[in-house]
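Throughout, a chain's letter reflects where its sequence line sits, starting with A, and its residues are numbered from 1.
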2 protein chains.
Amino acid sequence: MSSRLEKARQDPGSMKAKILASARKIFGEYGYNDTTTRMIAKDVGIDISTLYYHWGEKQDLYEAVVIEIGEEIQDQLNDIERKVSGRSLTTRLEIALDMMCDYLFAHPEVSNLFLFGYFNKTRHGVALDNKMSEYIANIAVAMDLAQNKKKVSIQAKARILAVWNTVLNFISGESFFRPMLATSHVNYMKVVKETLKFILVPAFTSEKEKLKIE
Amino acid sequence: MSSRLEKARQDPGSMKAKILASARKIFGEYGYNDTTTRMIAKDVGIDISTLYYHWGEKQDLYEAVVIEIGEEIQDQLNDIERKVSGRSLTTRLEIALDMMCDYLFAHPEVSNLFLFGYFNKTRHGVALDNKMSEYIANIAVAMDLAQNKKKVSIQAKARILAVWNTVLNFISGESFFRPMLATSHVNYMKVVKETLKFILVPAFTSEKEKLKIE
DNA sequence: ACTTTTTTCCATCAATTGATGGAAACACAT
DNA sequence: ATGTGTTTCCATCAATTGATGGAAAAAAGT
């Protein structure tokens, strides 16, 4: 299935790639179980047997989507790490939150698929679990919560998870939260960024001082 | 359907009530679409037509579950408000987080159903949306983020949402997060509480000082 | 003991869904 | 043009699922 994904990447105009793109969109909107192969096929404009011809089982197609997104996240984290290196902790946090928000708001299916993966009891092949631990370790080091990728305390991990989730929730929950806030999409993005900084920056910057004591 | 719920409440030993209890469990575990009426019936130990005899459509049963949980949350918030009144902001936050965590860890299906409701594009009748705005306004006042229930700023609302989501995520995501933290259930609960306080208390207590300036 | 009402289960339906076989349509080299 | 391999679609299957009709069983009323 990894080779299938590679082929789709090699030729973005190929039917394989088109199907993958639609699959990503639909899976991201409805989750694995609520997405039917017919929905994806209709979105591409093909018969479902054509979809099966190119991708085989529904599961394989889903896994390809998950893998693709996993790599995208990794790229994004690398980008962020490059941009924030050398800055102060507060600035690092602010830039990281801004960049992550921009990316996720532009690709809302990503946060949806993450959250679907978290809370679904019924597992569908490869989840994002695998890479998750790695991401967390990297972020912990980048945010000065750990000196060594190998040795990240449980507290540090939990804090990263809290941050990560808070971001994902605001993106995925927009259709639910925005009516409550009675505001536009553009202003919602602004408020989300503000709120994230408001909540997260104090915690981690005052922790910096606590660390000196320890 | 409200009268149906009332009947179930009147006699907790009734078949109606047993079905409701099982429905709450199963819906909370798998979400609306991934729960079949057969799963619930099997959990109760009855035939599915018995279930339909008592509750009618699947949707009605689901709505009854949502209503029940909504009322439970309201009670819980009232409890909290009673206990924290008069305390300092920091203490209020700490007590509120502790109590909410205790309740949600004891009833994990509650946070699951909340999150399912947030992110599902396919709506299933009554969601928890309605009460949500009310809850937020109440919490905002209780946490000194607003003077008046009627006038809660968009920033205040967003902050409450962030806190609320962070809590829900840790509860619902336990099966996903705990392996990453490689710890026991009991210790997970402890770490979650610590993490929530770590992240949330500084944000809101330093805001308190900012407010004096404004 | 008898009706009458309520409750439970068996059998079944129609719609949806993941998946496949096989025929047609297409592409392309010779 | 002919043959070969690829791609696409139509028809269909088996399993699942929400839902119902009707008969049996249980409870309640007289």
Self-check item: A/Tyr53 vs D/dT8: side-chain N/O to OP1/OP2 distance below 4.0 Å
Solution: no

Self-check item: Nucleotide D/dG18, atom P - distance to CD of B/Glu57 in whole Å
Solution: 12 Å

Quiz item: Taking CD1 from B/Ile19 and P from C/dT7, how many angstroms apart are they, rounded to a whole number?
Solution: 11 Å

Exercise. Would you kindly give the CG-to-C1' distance between A/Asn33 and D/dT16, to the nearest whole Å?
Key: 13 Å

Quiz prompt | Spacing of A/Trp55 atom CH2 relative to D/dT8 atom P, expressed in whole Å | solution = 14 Å

Self-check item: Interatomic distance, A/Tyr32 OH vs C/dG18 C1' [rounded to whole Å]
Solution: 9 Å

Self-check item: Check: B/Met180 main-chain N/O paired with A/Ser133 side-chain donor or acceptor under 3.5 Å
Solution: no

Practice problem: Identify which nucleotide among D/dG18, C/dG18, D/dC10 has an atom closest to any side-chain atom of A/Asp47, counting heavy atoms from C-beta outward. | Solution: D/dC10

Quiz prompt | Distance, rounded to the nearest Å, where A/Leu51 contributes CG and D/dT8 contributes P | solution = 11 Å

Self-check item: Protein-nucleotide distance (A/Gln59, atom CD; C/dA19, atom C1'), rounded to Å
Solution: 14 Å

Practice problem: Can you figure out which of C/dC9, C/dA19, D/dT8 approaches the side chain of A/Met15 most closely? | Solution: D/dT8

Exercise. Ignoring backbone atoms, establish whether B/Thr50 has a side-chain N or O less than 4.0 Å from OP1 or OP2 of C/dC9.
Key: yes

Practice problem: Looking only at side-chain atoms of A/Thr37, point me to the closest of C/dC9, C/dG18, D/dG18. | Solution: C/dG18

Quiz item: Relative to each other, are the rings of B/Tyr103 and B/His107 parallel, tilted or perpendicular (30° and 60° limits)?
Solution: tilted

Practice problem: Describe, in one word, how the ring planes of A/Phe27 and A/Tyr62 are oriented to each other, choosing from parallel (under 30°), tilted (30 to 60°) and perpendicular (over 60°). | Solution: perpendicular

Quiz item: Between B/Ser49 and D/dT20, is there a side-chain N or O to OP1/OP2 distance below 4.0 Å?
Solution: no

Quiz item: With a cut-off of under 6.0 Å to the ring centre and 45° to the axis, is B/Lys193 in cation-pi contact with B/Tyr188?
Solution: no

Quiz item: Is B/Glu94 salt-bridged to B/Lys197, going by a charged N under 4.0 Å from an acidic O?
Solution: no

Practice problem: Under 4.0 Å between any heavy atoms, over every strand shown, what does A/Ile48 touch: base, sugar-phosphate, or nothing? Just pick one. | Solution: base

Self-check item: Whole angstrom value for the distance that separates P of D/dC10 from CD1 of A/Ile46
Solution: 12 Å

Quiz item: Between A/Met39 and B/Arg38, which has a closest nucleotide on DNA chain C that is more 5'?
Solution: B/Arg38

Exercise. Check whether any side-chain N or O of A/His54 sits under 4.0 Å from OP1 or OP2 of D/dT6, and answer yes or no.
Key: no

